[in-house]
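For reference, the structure is listed below as structure tokens.
Because only heavy atoms are used, hydrogens play no part in the values below, and waters and symmetry mates are left out as well, while side chains stay in. What you see is a predicted model; the values in this text were computed from it and never measured.
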Amino acid sequence: ELPPADSDHAGPSLGRMLSDRRSRRSYSAGDLSIGELSFLLWAAQGLLKPLANQAGFRTSPSGGARHPLDTYVVVSRISGIEPGLYVYLPNGHSLWLKAAHPGKEKLLEACNGQAFAASAPVLVIWAAVPARCSWRYGPAAPKLVLLDAGHACENLYLACEHLGLGTCAIGAYLQDESDRMLGLDGRDETTVYMAPVGRRRG
């Protein structure tokens, strides 16, 4: 279980966060706290209201509240959490340990050699499960899946600005290597987006 997300945490105004938002690729060697991770994951995909037979309303919008994304978390340096590959469970606000930490070499490979992402304290990865919305939206489903990924990642950006952390969205990952690292088949579920988070250098 993660500690409750502090949604009342004092921070800069929305206007300041929007004007200061940057893609930040340089992080210090410091760890992140479990409280910071809790807020980041809640901001990106946290549950606001459960709904019967649906994924519920979350902090990021989704067409028809289908929420076709799973959020994977590669924890490298989070105080209070063992390194590993986790899945974020919005219903219950918790992490499920799926596998051991993939290691720096596999991270570098999946991130297409982008060292700042592979060495960050945490790497958030979104994977799509198209069937969650394709049965309802048919040919429009792929577009909706990618829109959902954009919503979630922008929420992560703003949460990082709120906490004084840095992130950088990554689309130039290697598809097969990323899916393999997460244990996905690349068909029923596949990687669509990722973003490392760390403390801003300096």
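Leu14 is not connected to Trp42 by any chain of hydrophobic side-chain contacts under 4.5 Å among Ile, Leu, Val, Met, Phe, Trp and Tyr, and they are in different clusters. By the criterion of side-chain heavy atoms lying less than 4.5 angstrom apart, applied directly or through intervening Ile, Leu, Val, Met, Phe, Trp or Tyr residues, Tyr157 is not grouped with Ile170; the two fall into different hydrophobic clusters. Following chains of ILVMFWY side-chain contacts shorter than 4.5 Å, one can reach Val74 starting from Trp96, so the two form part of one hydrophobic cluster. Grouping the Ile, Leu, Val, Met, Phe, Trp and Tyr side chains by contacts below 4.5 angstrom, directly or via other members, places Phe116 apart from Leu174. Note on Met17: it does not cluster hydrophobically with Leu163, by side-chain heavy-atom contacts below 4.5 Å among ILVMFWY residues.
A donor-acceptor pair under 3.5 Å links the side-chain atoms of Lys98 to the main chain of Leu182, judged by distance alone. A donor-acceptor distance shorter than 3.5 angstrom exists from the side chain of Arg77 to the backbone of Ser119, with no hydrogens or angles considered. Distance alone, capped at 3.5 Å, is enough to place a donor-acceptor pair between the Thr59 side chain and the Gly46 backbone. A donor-acceptor pair under 3.5 Å is absent between the side-chain atoms of Asp31 and the main chain of Ser79, judged by distance alone. Although no hydrogens or angles enter the test, the distance criterion places a donor-acceptor pair under 3.5 Å between the side chain of Arg201 and the main chain of Tyr27. With hydrogens and angles disregarded, a donor-acceptor distance shorter than 3.5 Å links the side chain of Ser19 to the backbone of Gly15.
Note that the CD1 atom of Ile81 and the OG atom of Ser33 stand 9.0 Å from one another [nearest 0.5 Å]. Rounded to the nearest 0.5 Å, atoms CD (Glu154) and CZ (Arg21) are 6.0 Å apart. Interatomic distance, Met194 CE to Leu107 CG, rounded to the nearest 0.5 Å: 8.5 Å. For the atom pair Leu32 CG and Leu37 CG, the distance stands at 7.5 Å (nearest 0.5 Å). Residue Leu147 holds its CG atom at 11.5 Å from OG of Ser60, rounded to the nearest 0.5 Å.
The closest side-chain heavy-atom distance from Leu97 to Glu82 is not below 4.5 Å. For the pair Thr167 and Ser23, the minimum side-chain heavy-atom distance is 4.5 Å or more. Counting heavy atoms from C-beta on, the side chains of Leu2 and Leu41 come closer than 4.5 Å. Proximity of Ser28 to Arg200: side-chain heavy atoms (C-beta onward) are nowhere separated by under 4.5 Å. With a 4.5 Å cut-off on side-chain heavy atoms, Leu184 and Thr190 do not count as touching. You'll find the side chain of Gln114 stays beyond 4.5 Å of the side chain of Tyr173, heavy atoms only. Between Asp20 and Pro12 the shortest side-chain heavy-atom distance does not fall below 4.5 Å. Looking only at side-chain heavy atoms (C-beta outward), Leu144 and Arg66 stay at 4.5 Å or farther from each other.
The nearest pair of heavy atoms linking Leu108 to Ala115 is CD2-CA, 3.7 Å. The two residues Asn155 and Ala44 make their nearest non-hydrogen contact at CB-CA, 4.0 Å. Contact record, Asn112 with Ala172: CB-O, 3.1 Å, taken as the closest heavy-atom pair. The heavy-atom pair separating Ala195 from Ala169 by the smallest distance is CB-CA, 4.2 Å. Shortest non-hydrogen contact noted between Ser76 and Pro83 is O-CG, 3.8 Å. Annotation for Asp148 and Pro61: closest pair OD1-O, 3.6 Å, computed over non-hydrogen atoms.
Side-chain contact annotation: Asp179 with Thr191, donor-acceptor N/O pair under 3.5 Å present. Judged purely by distance below 3.5 Å, without hydrogens or angles, the side chains of His151 and Ser62 never pair a donor atom with an acceptor atom.
Within a 6.0 Å radius of CG in Asn91, no more than 12 heavy atoms belonging to other residues, nucleotides or ligands are found. Counted within 6.0 Å of CZ on Arg16, heavy atoms from surrounding residues, nucleotides or ligands total 12 or fewer; the atom is thus considered open.
Ion pair Glu161/Arg24 flagged as a salt bridge, since at least one NZ, NE, NH1 or NH2 atom sits closer than 4.0 Å to an Asp/Glu carboxylate oxygen. By the 4.0 Å N-to-carboxylate-O rule, Arg199 lies close enough to Glu36 to be salt-bridged with it.
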Can you give the donor-acceptor pairs under 3.5 Å from side chains of residues 120-133 to other protein atoms, not counting sequence neighbours?
unit_1, atom_1, unit_2, atom_2, d
Trp126, NE1, Thr71, OG1, 3.4
Arg132, NH1, His67, O, 3.2
Arg132, NH1, Leu69, O, 3.3
Arg132, NH1, Asp70, OD1, 3.1
Arg132, NH2, Asp70, OD1, 2.8
Arg132, NH2, Asp70, OD2, 3.3

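By the 30° and 60° cut-offs, the orientation of the rings of Tyr88 relative to His93 is perpendicular.
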